[in-house]
> 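Attaching a single structure in structure tokens format; questions to follow.
One is the number of the first residue; the rest follow in order along the sequence.
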Amino acid sequence: MGFTAQFAKFLIEAHNQGVSYQRTLTLGRQNLYVDPAELGQLLREQGCWPKGMSEEEFGRRLASSVYAEEFLGMLGANKTDSLDISDFEGATVLHDLDLEIPQRWHEAFDCVIDGGLLEHVFNFPTAIRSCMEMTKRGGYLILGTTANNFLGHGFYQFSPELFFRILCPENGFE
């Protein structure tokens, strides 16, 4: 699971359109699969270079971890949590998404990002409902979930239409 250059570009563009990453939850701890030079170029092109940050500090911060928390911090995340069933990769929130989430996590995050976990959860209806419940009213649920024709990956192959039907105005989403 992780952010590719295309997904990083999408997240940067979303930031420029007003998405708040202030309190972010990623489903699974997300790797950052983008070369620092390419990420720097994307940030500059989109006018999102971190204020007051030198090239050296930028490179040092990205080199300090293979995970995406530093990148999300550059987009405004004050706190980034990662939810996973185990602490194998250092997730900060341990929970099995096959099970309902605790009430205290309802509307706890400005942004919930899936970079490739939902297709690995057997009880998808509970997992997607939990994602929707964890997103604050007025917040953002960003799904970078693998869709059709990715054979042998996870439990499911999702049709993009599924997400349009779930994340509809009738369910409180725009």
Side-chain angles (χ1 to χ4, degrees), residues 1-12 14-15 19-34 36 39 50 60-147 150-160 162-163 165-167 171-173:
M1 295 174 297
F3 297 172
T4 62
Q6 285 294 28
F7 196 55
K9 183 178 180 182
F10 176 83
L11 294 172
I12 294 166
H15 169 342
V19 170
S20 170
Y21 297 104
Q22 189 169 6
R23 177 100 196 270
T24 295
L25 176 73
T26 62
L27 303 184
R29 188 135 188 234
Q30 298 296 300
N31 286 66
L32 185 60
Y33 297 120
V34 186
L39 184 61
R60 194 171 42 253
R61 287 176 70 176
L62 287 180
S64 68
S65 175
V66 298
Y67 297 108
E69 289 91 353
E70 281 292 337
F71 168 59
L72 290 168
M74 293 173 188
L75 295 180
N78 291 331
K79 179 159 177 50
T80 300
D81 283 303
S82 54
L83 184 149
D84 211 329
I85 194 169
S86 79
D87 64 355
F88 172 70
E89 293 181 299
T92 57
V93 178
L94 299 181
H95 181 74
D96 181 349
L97 281 173
D98 282 319
L99 308 173
E100 292 184 17
I101 59 165
Q103 182 69 35
R104 69 181 182 278
W105 295 349
H106 286 215
E107 295 194 43
F109 300 97
D110 297 297
C111 188
V112 175
I113 302 173
D114 176 23
L117 182 121
L118 284 175
E119 69 273 18
H120 299 281
V121 179
F122 186 74
N123 190 350
F124 174 75
T126 296
I128 192 70
R129 183 175 54 251
S130 293
C131 292
M132 294 161 65
E133 290 172 344
M134 289 186 289
T135 306
K136 284 183 182 176
R137 186 172 309 282
Y140 298 86
L141 174 57
I142 298 176
L143 303 173
T145 306
T146 302
F150 205 63
L151 300 174
H153 179 83
F155 291 118
Y156 301 103
Q157 293 180 52
F158 295 120
S159 165
L162 171 70
F163 296 107
R165 288 178 182 242
I166 294 171
L167 303 172
N171 288 333
F173 287 86

> With a 6.0 Å cut-off (strictly less than), is the heavy-atom count around NZ of K9, excluding the residue itself, greater than 12?
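Atom NZ in K9 is not packed in, count stays at 12 or less.
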> Checking side-chain contact (heavy atoms from CB on, under 4.5 Å) between I142 and each of L11, T135, D114, which is the one that passes?
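It is L11; the other options fail the test.
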> Which heavy atom of L97 sits nearest to which heavy atom of S130, and what is that distance?
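Distance-wise, the nearest heavy atoms are CD2-CB, 4.1 Å.
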> Taking the side chain as everything from C-beta on, heavy atoms only, tell me whether L83 gets closer than 4.5 Å to L117.
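Side chain of L83 against side chain of L117, heavy atoms only: no contact under 4.5 Å found.
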> Which atom names give the shortest non-hydrogen contact between F155 and H120, and what distance separates them?
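Reported closest heavy-atom pair: CE1-O, 3.1 Å.
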> How close do V121 and A127 get, heavy atom to heavy atom, and via which atoms?
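Scanning both residues, the minimum pair turns out to be CG1-CB, 3.7 Å.
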> If you take all heavy atoms of V112 and L27, which pair is closest and at what distance?
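Heavy atoms of V112 and L27 come nearest at CG1-CD2, 4.2 Å.
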> Drop me the distance from F71's CZ to I12's CD1, to the nearest 0.5 angstrom.
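F71 atom CZ to I12 atom CD1 measures 4.0 Å (nearest 0.5 Å).
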> Is any side-chain heavy atom of L32 less than 4.5 Å from a side-chain heavy atom of E70?
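The answer is no, as the side chains (C-beta and beyond) never meet within the 4.5 Å cut-off.
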> Is Q30 reaching over with its side chain to a backbone N or O of G2, donor-acceptor style, under 3.5 angstrom?
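Such a contact is found between Q30 side chain and G2 backbone.
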> Once salt bridge (Lys or Arg N to Asp or Glu O under 4.0 Å) is applied, do any residues pair with R60, and if so which ones, sequence neighbours excluded?
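R60 satisfies salt bridge (Lys or Arg N to Asp or Glu O under 4.0 Å) with no other residue.
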> Begin from the C-alpha positions of L167 and M132 and carry the test side-chain contact (heavy atoms from CB on, under 4.5 Å) through to its verdict.
CA-CA 9 Å; L167 303 172; M132 294 161 65; 4.0 Å; yes
> In terms of relative ring orientation, are F163 and F158 parallel, tilted or perpendicular, with 30° and 60° separating the classes?
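Aromatic pair F163/F158 classed perpendicular.
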> Below 4.5 Å, heavy atoms only, C-beta onward: do C131 and L118 meet side chain to side chain?
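C131 reaches L118 side chain to side chain.
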> For D81, enumerate each residue passing the salt bridge (Lys or Arg N to Asp or Glu O under 4.0 Å) test, keeping only those at least two apart in sequence or located in another chain.
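Listed in chain order: R23, K79.
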> When you compare the side chain of V34 with that of L62, does any pair of heavy atoms fall below 4.5 Å?
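Counting from C-beta outward, L62 and V34 never come under 4.5 Å.
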> Output the distance between atom CG (D110) and atom CG (L25), rounded to the nearest 0.5 Å.
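CG of L25 is found 11.0 Å from CG of D110.
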> What is the distance from atom CG of L75 to atom OG1 of T24, rounded to the nearest 0.5 Å?
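Between atom CG of L75 and atom OG1 of T24 there are 8.5 Å.
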> Let me confirm one number: the OG1-CG distance from T26 to N31, rounded to the nearest 0.5 Å.
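Answer for the OG1-CG pair, T26 versus N31, is 10.5 Å.
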> So, for R29 and A91, which heavy atoms are closest and what is the spacing to 0.1 Å?
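Here R29 and A91 meet closest at CD-N, 4.4 Å.
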> Can you tell me how far NE2 of H106 sits from CZ of R137, rounded to the nearest 0.5 angstrom?
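With rounding to 0.5 Å, CZ (R137) is 12.5 Å from NE2 (H106).
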> Restricting to salt bridge (Lys or Arg N to Asp or Glu O under 4.0 Å), what partner residues turn up for E119, sequence neighbours left out?
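Not a single residue meets the salt bridge (Lys or Arg N to Asp or Glu O under 4.0 Å) criterion with E119.
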> Nearest heavy-atom pair of C111 and V19: which atoms, and what distance?
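Smallest heavy-atom distance, with atoms named: SG-CG1, 4.4 Å.
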> Can you say whether the rings of F7 and F3 are parallel (under 30°), tilted (30 to 60°) or perpendicular (over 60°)?
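F7 and F3: perpendicular rings.
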> Would you find more than 12 non-hydrogen atoms of other residues, nucleotides or ligands less than 6.0 Å from F173 atom CZ?
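More than 12 within 6.0 Å, yes.
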> Would you indicate whether the side-chain heavy atoms of L141 and M134 approach each other to under 4.5 Å?
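Not touching, per the 4.5 Å side-chain cut-off.
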> For the CG atom of L72 and the OG1 atom of T80, what is their distance to the nearest 0.5 Å?
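Output value for this atom pair is 4.5 Å.
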> Taking T126 for the side chain and L99 for the main chain, is one N or O donor matched with an acceptor at less than 3.5 Å?
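Pair absent, no side-chain N/O of T126 close to backbone of L99.
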> Return yes when atom CD of Q6 has more than 12 non-hydrogen atoms of other residues, nucleotides or ligands closer than 6.0 Å, and no otherwise.
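Atom CD in Q6 is not crowded, with 12 or fewer foreign heavy atoms closer than 6.0 Å.
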